[in-house]
Each structure stands twice: as C-alpha cells, then as structure tokens.
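Letters A, B, ... mirror the listed sequences (proteins, then strands); counts begin at 1. It should be emphasised that the depicted structure is a prediction, and the values quoted were computed from it without experimental measurement.
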Amino acid sequence: MVSGVLKASLNELNLSLTLLSGQAFRWRKRNDKQVWFGVIDSFVFDLRQNAELQTIEWTLLNHASNGNKRRKLNEEDINDILIDYFNLNYSLSDLYNEWSKVDENFAKIAPNFLGVRVLRQNPHENLLSFICSSNNNIQRISKMIESLCTKYGTFLMTDDEFGDIHAFPEIKALCNADVEADLRKLGFGYRSKFIAKSAKMVEEKSKTTEWLLSLREKKYDDAHFELMQLSGVGAKVADCVCLMSLDKSEAIPVDTHVWQIATKMYLPHLKKNKSLTDKAYKEVADFFRHRFGDKAGWAHSVLFCSDLRQFKK
DNA sequence: GCCGACCCTGGCA
DNA sequence: TGCCAGGGTCGG
C-alpha cells in the first residue's frame, strides 16, 4: 500500500458530485461514508476528501500487484495518475466565474454544485459504459459495468468490503464468439450485440495503433463522426466519449436531462418538438457552445448534475 | 424525419 | 398488477 495527498479544494474538485454524476460507473462509497473506492486502469484506490486541508487523501490498495511492474511507482507517479484522471490542470473556479457572468441560470445553480469536474477517463471504458447507458439508469448501468469487469477483466485484488476487484476488460477479451450470448445472460439486453460488435470493430481498427486513443489527436467533428460508425453509438454516446475521455471539451451530450434543461431555460420554442431530431440535437449543442465557450461541455456537466434526481432537494 | 421496438428494473399509482 | 421512465439507437 502507498498513500499520498493531492492538493485540491472542494471548489476545484468535489469528489461526491463528480463521482456520482454519471460520468464513471465504478466508484462506490465505503461503509464509513467517507472514503470513495474505485478503479483507474489497473490501480485500485481509496480516496478521501479533506475539505479543511483542501486535499484529497489517497491510498493505492494494490501497489504490489498492479499490472505495471516495470518499475515501482512512487508517490509522485501516483499523484500524476490522479491529476490526469481528475483533469486537475485547469482552474474550475475561474471557469465557474466566467460561466456565471454569461448565464443567469448557471449563476443560480452553481453555488450548490461547486467542484463538478469532467474526468479524463480511459476511452475504452468510457465507450463501452455509455453504450450500456441507452434507455437505462445510472444504478443499473453501474451493476452492468461491474459484472462486465468481473467476467472479462483481469483480477486485481480482494477487498475486505467489496470482495474480488477486476480491471475494466481489454477490448480483446470481448472479441470472442460467445460474448453476445453471455452478456444477454448477464442482463445486458439488446446492448449485448452492440458491445460485441463495437468491440470487434475497435479491435479491427487497432491493428497498428490504439485507434480509440488516437482520436485524442483529431478534431472534435472528425472524432465524433468516427465514433458514430460504431454499433450502438449515436450522436449522444459519441459526445459522451468525446467529452469524457478524448479531450473534446466542446462536446455537448444532449440527453433527456439536457433536453429538459434546454427547453425549460433556454430554447422554449423546441418544446413543440415531438422527439429529439438530429436538427434539434445540434441546435441545443450549438446553443451551449455559443453561450459557454470552448469548455462548454464542462459547464453542461454542472447543469446536468444539478438535474439528476439524486441531487435534487 | 418520424415512429415503434428494444432488455430490464425500480418506483409509483 | 400495470405503467412508465431511465444520461438512446436502429431499422423501416
């Protein structure tokens, strides 16, 4: 076990809001209600927010057994992993100030939702998680992801409270013929086919370089278009992946919540729409980009978070 | 561009 | 018990 401390105030990173806001689905609170338990790549972490000291106290639980055995990781290496995952190289409070100036609605909501950060996730995990998200709720998505890891992911460690912990599966592990049927048995429903198909497509595109990761170097429009060629990936899921793991902070995933917010607060004329057409989707997304600027996706995440049922008072 | 179908589950009447 | 919504997508 290794432990360390990361500098981060509650305004810059609110762990509870960020980890429960439906970006990542593998974070759980320990029984003591203080410590967050989760997996980043092959690293299993306990995280505790210390608001007074403005720090995140972390413990790497599987230091001896993690997959990266080339050299022993020191405290600084692990700090870097967390800084990268939590995207800590931007000042969030500065952005909140800018967004509050240009948007009354944001200014009203922001004080109750400080520190909602967009994570920088592993693109494969991000993609497959959000293929599971269609017509689904956060609670069930989390259960599905956990069973996916247990069945196909590398064993990492056994935790006293949560039992055997596995890494998120490699794409390769989801490419054999039985995957679709097995996922059906695990309760993935019609998403089973999407996962099996998309895994094969990603694997096929990754013969020389990791295709999905390489989309970080492409422009937003191109990355979005390429993602939409995958099975079970429409405009919304493609935007989730662009925003949450491919560094496209201008991506705006327009889902039921964002649609509610947009028609209520910003674009009332869209209420007459029977369904969310491609055209309306683009209108909502463009509105957010125009109002909030090049990090509009981050502002969107704050508003999305405020609309989640579990966070409403 | 507009439906309806799609797996499954928890909440609510 | 029945109905509906939950971070949608696909095919006709």
Side-chain angles (χ1 to χ4, degrees), chain A residues 17-27 109 113 116-119 121 123 125-148 151 179-199 201-202 224-246 248 251-265 270-285 288 296-312:
Chain A
L17 289 179
T18 300
L19 297 179
L20 279 180
S21 63
Q23 300 182 55
F25 301 94
R26 296 200 69 191
W27 291 96
I109 287 167
F113 291 88
V116 179
R117 284 194 98 83
V118 173
L119 302 171
Q121 299 185 56
E125 174 169 349
N126 191 200
L127 171 70
L128 297 179
S129 300
F130 277 88
I131 287 177
C132 294
S133 75
S134 79
N135 221 327
N136 207 347
N137 55 67
I138 293 177
Q139 212 182 352
R140 180 155 81 115
I141 300 166
S142 303
K143 275 186 198 160
M144 286 161 65
I145 297 303
E146 220 41 54
S147 62
L148 187 74
K151 181 149 180 71
V179 167
E180 185 183 338
D182 290 344
L183 289 178
R184 284 246 169 215
K185 281 180 211 148
L186 287 175
F188 279 61
Y190 61 84
R191 304 169 193 81
S192 308
K193 186 187 276 183
F194 294 159
I195 301 260
K197 241 173 141 178
S198 279
M201 291 170 80
V202 172
H224 190 258
F225 175 82
E226 290 212 34
L227 285 169
M228 281 187 65
Q229 311 310 308
L230 299 173
S231 177
V233 180
K236 191 268 168 181
V237 170
D239 271 324
C240 285
V241 179
C242 279
L243 176 64
M244 300 169 192
S245 63
L246 297 180
K248 315 297 182 238
I252 310 287
V254 182
D255 57 41
T256 52
H257 295 282
V258 176
W259 179 250
Q260 297 297 325
I261 295 168
T263 54
K264 194 171 149 200
M265 309 301 301
L270 288 178
K271 269 185 194 160
K272 63 176 166 34
N273 277 45
K274 289 189 171 63
S275 61
L276 182 54
T277 61
D278 290 354
K279 196 179 158 210
Y281 186 103
K282 195 167 183 325
E283 187 174 343
V284 172
F288 274 89
W298 288 44
H300 141 283
S301 296
V302 179
L303 297 177
F304 170 82
C305 188
S306 76
D307 197 62
L308 280 182
R309 201 158 160 235
Q310 61 187 154
F311 294 130
K312 282 187 178 167

Check whether any side-chain nitrogen or oxygen of [X] sits under 4.0 Å from OP1 or OP2 of [N], and answer yes or no.
X	N	result
A/R184	B/dC7	yes
A/K193	C/dG11	no
A/T256	C/dG8	yes

In terms of the nearest nucleotide of DNA chain B, which residue is placed more toward the 5' end: A/G189 or A/K279?
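Residue closer to the 5' terminus by nearest nucleotide: A/K279.
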
If you assign each of A/S275 and A/K143 to its closest nucleotide in DNA chain B, which residue comes earlier from the 5' end?
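With A/S275 and A/K143 compared, the 5'-side residue is A/S275.
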
Looking at the side chain of [X], which of [options] is the nearest nucleotide?
X	options	value
A/F130	B/dC7, C/dG7, C/dC10	C/dG7
A/H257	B/dC6, C/dG6, C/dG7	C/dG7
A/H300	B/dC2, B/dG10, C/dG7	C/dG7
A/N135	B/dC3, B/dC6, C/dG7	B/dC6
A/S134	C/dG8, B/dC7, B/dG10	C/dG8

A/S129 versus A/I141, closest heavy-atom pair with distance:
O-CG2, 4.0 Å

Residue pair [X] / [Y], side-chain heavy-atom distance below 4.5 Å:
X	Y	answer
A/L183	A/L148	yes
A/V118	A/L243	yes
A/L270	A/W259	yes
A/N136	A/M144	yes
A/N273	A/T263	no
A/K236	A/S134	no

Separation of atom [atom1] in [X] from atom [atom2] in [N], rounded to whole Å:
X	N	atom1	atom2	value
A/M144	B/dC6	CE	P	17 Å
A/I145	C/dG6	CD1	P	20 Å
A/L276	B/dG4	CG	P	17 Å
A/Q229	C/dC10	CD	P	10 Å
A/N136	C/dT9	CG	C1'	13 Å
A/N137	B/dC6	CG	P	20 Å
A/F304	C/dG6	CZ	C1'	11 Å
A/F194	C/dC10	CZ	P	6 Å

Mind checking [X] for me? I need base, sugar-phosphate or nothing, with any heavy atom below 4.0 Å counting as a touch.
X	answer
A/K274	sugar-phosphate
A/S21	base
A/V237	sugar-phosphate
A/M228	nothing
A/G22	base
A/V233	sugar-phosphate
A/L243	nothing

Assign each of A/R140 and A/G234 to its nearest nucleotide of DNA chain C by heavy atoms, then name whichever residue's nucleotide is nearer the 5' end.
A/R140

Interatomic distance at [atom1], [N] relative to [M], whole Å:
N	M	atom1	answer
B/dG10	C/dT9	C1'	23 Å
C/dG7	B/dC2	P	25 Å
B/dG4	C/dA5	P	14 Å

As its Watson-Crick or G-U partner within any shown strand, both distances under 3.5 Å, B/dC8 has C/dG6

Is a donor-acceptor pair below 3.5 Å formed from side chain A/K236 to base C/dG7, judging by atom type as modelled?
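For A/K236, whose side chain was compared with the base of C/dG7, there is a donor-acceptor pair (under 3.5 Å).
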
Return yes if the base of C/dG8 and the side-chain atoms of A/Y190 contain a donor-acceptor N/O pair under 3.5 Å, otherwise no.
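A donor-acceptor contact between them is present.
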
